[in-house]
Colleague: 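The structure follows.
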Amino acid sequence: MTQRDELERTREFVGSVGGTWALCYPYGSRNEATLGLLRELGCAAALTTEPRRATPEDLLLELPRIDTNDLQLEVVQVAGVDGPVAEPA
């Protein structure tokens, strides 16, 4: 099965359940061929593994995401807190 076949099957499945097609890159891996296929097939958005908040300058097919493992750090940075939010149990 080719990458195109896999992406078309995914698009068809999401369409059959009435969703908007978006995806997360496995391990953040992507290249120009993948991005071209996603554009051609109408993917709405795709998430990389870059751990930061998205900005208006980010491309919709290369959006960063915050992993739940990075969430506490993000909360601390946004809150401007210097140090842990809570003491470990």
Side-chain angles (χ1 to χ4, degrees):
M1 180 174 288
T2 68
Q3 183 178 37
R4 174 183 289 279
D5 294 335
E6 290 182 16
L7 292 172
E8 285 176 345
R9 285 184 56 193
T10 301
R11 179 186 64 177
E12 289 168 11
F13 171 75
V14 172
S16 74
V17 296
T20 299
W21 182 34
L23 70 96
C24 295
Y25 298 108
Y27 307 101
S29 178
R30 64 204 179 278
N31 58 31
E32 284 305 315
T34 302
L35 293 170
L37 280 170
L38 293 174
R39 281 189 289 273
E40 179 184 331
L41 297 173
C43 184
L47 301 167
T48 69
T49 55
E50 186 179 347
R52 65 175 179 80
R53 290 211 251 154
T55 68
E57 291 79 31
D58 287 311
L59 302 174
L60 288 176
L61 294 179
E62 295 188 272
L63 293 170
R65 67 178 170 209
I66 299 173
D67 187 288
T68 55
N69 293 318
D70 300 319
L71 189 56
Q72 184 175 4
L73 176 60
E74 174 74 4
V75 169
V76 168
Q77 290 171 339
V78 168
V81 176
D82 186 21
V85 174
E87 293 299 318

Colleague: Hey, can you pull the donor-acceptor pairs under 3.5 Å for the side chains in residues 35-44, sequence neighbours left out?
Modeller:
unit_1, atom_1, unit_2, atom_2, d
Glu40, OE1, Arg4, NH2, 3.1
Glu40, OE2, Arg4, NH1, 3.0
Glu40, OE2, Arg4, NH2, 3.0

Colleague: If you apply the rule side chain to side chain contact (heavy atoms under 4.5 Å, CB included), what do you find for Arg65 with Thr48, and how did you get there?
Modeller: CA-CA 6 Å; Arg65 67 178 170 209; Thr48 69; 5.7 Å; no

Colleague: Any side-chain heavy-atom pair from Asp58 and Arg52 closer than 4.5 angstrom?
Modeller: yes

Colleague: Mind checking who shares a hydrophobic cluster with Leu60, ILVMFWY linked at side-chain heavy-atom distances under 4.5 Å?
Modeller: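 Besides Leu60, the cluster holds Leu47, Leu63.
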
Colleague: When Leu23 is tested against each of Thr10, Leu7, Thr34 for side-chain contact (heavy atoms from CB on, under 4.5 Å), which residue passes?
Modeller: Leu7

Colleague: Considering only distance and modelled atom types, tabulate donor-acceptor pairs under 3.5 Å from the side chains of residues 13-22, sequence neighbours left out.
Modeller:
unit_1, atom_1, unit_2, atom_2, d
Ser16, OG, Phe13, O, 2.7

